[in-house]
Amino acid sequence: MVLLQFVALQCCTVQTFGVCVASLLGIVQVFIQGSMFYITFVLYMSFFPRENKYKSVSSAENTASASASATPSMPADGAGESQPLLLPSTAKQPTVEWQTALWVAAAVSTHGLVCILMSTMLVVLVGPYAAPTRTWASLLGLFSLCLTCIQFLPQILKTWRSGVVGALSIPMMLMQTPGGFLFSYSIAVRPGVNWSSWISTFVAATLQGVLLVICLVFDAREKRQHALLDRNPVGNTAQPEEQASSSSSPSQPLLS
């Protein structure tokens, strides 16, 4: 986005402050959106639950050997001395979710570093208006589209399979989904903007709309179930009382 709108940065030297701000509004919007993503991801990594990072795993071979050594056997001399049991050794292994978070963090950091270095080199060595620079900007837009599709599809599948909203914020998606469509439209109507600059935002808003619909359906179903439980509570309180009364009263033998 910055590479394709580099001319707008240079025009600010001859334009008024209001016109300059209006021409740079698209770059500011992309910068804010990217900054919010990185801040959210850093907070996610920082507040990842410690109990969900690692799990204790015991080796199957150690368990088998320990069970074999624990089998009682009489020695040949008849002295039945008990041998100490060998407990299986346990080791901490990172969970799948924590491994995925680490891989994503490494990929995001590598992607950001490569994009910044490559873009800076092209602008300095080749020029912002050269064909390689604009081709690189278009490739970044296509790569952003692919990443946008990848980042929303796992969340959609996870929410659909779990059947619960979880930690997803429905009010946030209610604001962000139409805002994404408006954001992509505001970028698309700007002069000199390539389609690769706004297509990723449009696809992201579409996929987030799908996720929003799924969350609304599951949230309505959950509220309906809670309402049914409030109107027709299950006899959890009556059953224990009946069981307690039946258990407290001794059973009388039948008279023959």
For Phe41, ring pair (Phe, Tyr, Trp, His ring centres under 6.0 Å) partners two or more places apart: none
For Phe181, ring pair (Phe, Tyr, Trp, His ring centres under 6.0 Å) partners two or more places apart: Phe202
With the side chain counted from C-beta on, respond yes when [X] and [Y] share a heavy-atom pair under 4.5 Å apart, and no when they do not.
X	Y	result
Val108	Tyr38	yes
Ser184	Val203	no
Gln155	Leu207	no
Tyr54	Gln93	no
Leu102	Met45	yes
Trp160	Ile214	yes
Ile32	Met36	yes

Distance-minimising heavy-atom pair for Val165 and Cys215: CG2-O, 3.5 Å
With Tyr185 via side chain to side chain contact (heavy atoms under 4.5 Å, CB included) - residues at least two apart: Val189
Residues that Ala188 engages under side chain to side chain contact (heavy atoms under 4.5 Å, CB included), provided they are two or more places apart: Trp198
Pairs flagged by salt bridge (Lys or Arg N to Asp or Glu O under 4.0 Å) wherever residues 207-221 is involved - sequence neighbours left out: Asp219-Lys223
Flag if over 12 foreign heavy atoms under 6.0 Å of CD, Glu97: no
More than 12 heavy atoms from other groups under 6.0 Å of CE on Met172: yes
Side-chain donor/acceptor of Thr110 to backbone N/O of Ala107, under 3.5 Å: no
Where at least one partner belongs to residues 161-175, residue pairs that pass side chain to side chain donor-acceptor pair (under 3.5 Å), sequence neighbours excluded: none
